[in-house]
2 protein chains.
Amino acid sequence: MRKTPPEIPDVILNRLPLYYKHLKKIKNKNIEYISSEELAKHTGFSSSLIRKDLNYFGTFGKKSYGYDVSCLCRQIQLIMGMHISKTLIIIGAGNMGQALAFNSGLNERGYKLKALFDVKVDLIGKSINGSPILSTEELIPFIKKEDIDIAILTVPSEVAQEITDIIIRANIKGIWDFTEIPLKVPDHVFLEEQHINEGLCKLSYKLFQNHPY
Amino acid sequence: MRKTPPEIPDVILNRLPLYYKHLKKIKNKNIEYISSEELAKHTGFSSSLIRKDLNYFGTFGKKSYGYDVSCLCRQIQLIMGMHISKTLIIIGAGNMGQALAFNSGLNERGYKLKALFDVKVDLIGKSINGSPILSTEELIPFIKKEDIDIAILTVPSEVAQEITDIIIRANIKGIWDFTEIPLKVPDHVFLEEQHINEGLCKLSYKLFQNHPY
DNA sequence: TAGATTGTTAATCGATTAACAATC
DNA sequence: TAGATTGTTAATCGATTAACAATC
């Protein structure tokens with residue numbers, strides 16, 4: 001049974017990918033059913049919270065058995081739209097851009113990488129994991145012609161806003177931003193900022209939690 | 001004036017790096033003072049929340065002026081322990097590992113990269129951004145001898161737990177994990193999981209928010 | 001002084017937990 | 001049947017907002 005939720009609270013939306021990550025691991029161990037209590041042990045969330053979260057989307061569990069692992073994985077995929085095909089480009093074919101071109105998570109989530117873009121002449125024309133590196137001058141026509149949904153931004157922070165303005169003019173739908181600079185985008189463009197160094201900050205804080213600063 | 005907080009709620013700790021990111025941008029524009037209202041416009045948090053968050057650590061604002069941008073930046077650095085020197089290694093010198101070796105955010109946050117590690121013979125002996133690539137066989141003695149605080153994990157998911165167990169034996173203090181597999185670590189080791197593909201999931205969801213799944 | 005903006009309290013809102021009837 | 005575990009409600013907890021006195 002499936003509900004069509006009006007709007008999922010952010011706090012639940014943030015937990016779904018984590019549930020998914022753990023469920024995949026459990027699935028690989030060929031475990032068919034898992035109780036909310038077991039999943040709680042894996043994820044660190046309370047069993048009560050997990051049951052409530054999952055129930056938000058419909059009734060997926062079987063009383064006295066727990067949840068069908070495969071089925072639950074598939075449900076989360078459907079909720080997140082992972083089964084829907086999306087087009088993707090990477091702007092900035094440096095180390096990070098190239099690393100992400102090899103990220104198998106892209107395909108798994110329905111993203112088709114169409115091209116990378118860079119300004120460096122010695123990169124243009126090369127091919128990374130089957131996708132060509134093109135000149136940033138071709139950005140606008142390419143996005144329009146190939147109807148690109150999402151752009152990954154791995155350019156130097158100094159040019160991030162400039163490039164962003166360009167791709168917004170070309171009607172990009174969403175941006176996954178890896179730069180250090182907060183970007184300004186209009187409301188209709190979905191922006192996901194990957195605050196890559198947040199993890200470093202938190203580790204530093206934990207390491208010296210009670211230091212006399 | 002500075003308070004010594006007993007324990008910072010996670011929800012505040014998560015916002016601090018975002019405040020920092022925006023404050024840095026504002027500082028670069030040579031703006032000396034900023035009101036909570038202005039900062040709210042930049043960050044998307046409410047001015048009330050920002051004042052309350054900042055007040056948690058002490059009274060940094062000046063009534064009718066706002067907050068001294070440089071001072072506030074420095075305060076957040078101190079709170080997060082960014083000024084304290086920490087040693088770092090990167091395990092897995094593939095695309096992602098090499099990309100992170102060039103991440104200028106490491107130094108900015110007080111991390112000194114001491115070495116990268118890999119199993120690939122053709123990588124071992126090379127140097128990335130001034131740091132040598134060593135064999136993973138040297139991991140345990142290196143961590144102990146150099147007293148390494150943090151390890152960045154950019155190895156294939158299949159070997160992630162195995163490597164983790166090794167570095168824990170060598171008394172690593174914290175792990176910044178870029179793999180797709182949830183890791184098991186003892187309570188005394190600080191684990192920061194970089195759920196790299198979470199952003200992709202959320203973008204996908206937003207793109208098809210009201211699709212009839 | 002008048003205006004601006006903080007620091008802080010009280011009120012509200014939302015998220016999590018505890019508990020348990022329903023049921024496989 | 002007895003045991004297990006869900007789905008769901010009510011109670012609790014914590015986080016955010018609104019409001020405003022203090023004060024620069």
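Atom set for the values below is all heavy atoms of this structure, side chains included, hydrogens, waters and symmetry mates excluded. Order of the sequence lines sets the chain letters (A, B, ...), proteins ahead of strands, with each chain counted from 1.
Here the P atom of nucleotide D:dA4 and the CZ atom of A:Arg51 are 15 Å apart, to the nearest Å. Atom-to-atom, NZ of A:Lys52 to C1' of C:dT16 comes out at 8 Å; the value is rounded to the nearest Å. In this structure, A:Asp68 places its CG atom 15 Å from C1' of D:dT6, rounding to the nearest Å. In this structure, CD of B:Glu37 is placed 18 Å from P of C:dG3, rounded to the nearest angstrom. Separating the CZ atom of B:Phe45 from the C1' atom of D:dT17 is a distance of 15 Å, rounded to the nearest angstrom. As a whole-Å value, the separation of A:Ile12 CD1 from C:dT17 P is 13 Å. Distance CG (B:Asp53) to P (C:dT6): 14 Å, rounded to an integer number of Å. Between the CZ atom of A:Phe60 and the C1' atom of C:dT23 there is a distance of 19 Å, given to the nearest Å.
Checked against C:dT6, C:dT8, D:dT6, the side chain of B:Tyr67 finds its nearest nucleotide in C:dT6. For A:Val11, taking side-chain heavy atoms from C-beta onward, the closest of the listed nucleotides D:dT6, C:dT16, D:dT16 is C:dT16. Comparing atom distances between the B:Leu49 side chain and each of C:dC24, D:dT8, D:dT17 picks out D:dT17 as nearest. For A:Lys63, whose side chain is taken as the heavy atoms from C-beta onward, the closest listed nucleotide among D:dT17, D:dT6, C:dT17 is D:dT6.
Between D:dG3 and A:Ser64, no contact under 4.0 Å exists linking OP1 or OP2 to a side-chain N or O. Applying the 4.0 Å criterion to OP1 and OP2 of C:dA18, one finds that A:Ser48 has every side-chain N and O outside that range. Taking side-chain N and O atoms only, B:Asn55 has no distance below 4.0 Å to OP1 or OP2 of C:dT6. Dashed line: the shortest gap from a side-chain N or O of A:Arg15 to OP1 or OP2 of C:dA15 is not under 4.0 Å. At least one side-chain nitrogen or oxygen of A:Ser46 sits closer than 4.0 Å to the OP1 or OP2 atom of C:dT17.
A:Ser157 contributes a side-chain N or O that, together with a main-chain N or O of A:Glu180, makes up a donor-acceptor pair within less than 3.5 Å. A donor-acceptor pair under 3.5 Å is formed between the side chain of A:Lys25 and the backbone N or O of B:Pro182.
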Review point. Can A:Lys62 and A:Glu32 be said to form a salt bridge (Lys or Arg N to Asp or Glu O under 4.0 Å), step by step?
Key: CA-CA 12 Å; A:Lys62 278 192 186 167; A:Glu32 270 189 78; over 6 Å; no
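A pairwise comparison of heavy atoms in A:Leu153 and A:Ile163 identifies CD1-CG2, 3.8 Å as the closest pair.
The partner of C:dA15, taking Watson-Crick or G-U wobble pairs whose two distances both stay under 3.5 Å, is D:dT12. Across all strands shown, the partner of C:dA22 is D:dT5, judged by Watson-Crick or G-U wobble contacts whose two distances both fall under 3.5 Å.
Counting any heavy atom pair closer than 4.0 Å across all strands shown, A:Ser47 reaches no nucleic acid atom.
Residues B:Ser204 and A:Lys86 bring a donor and an acceptor atom of their side chains to less than 3.5 Å of each other.
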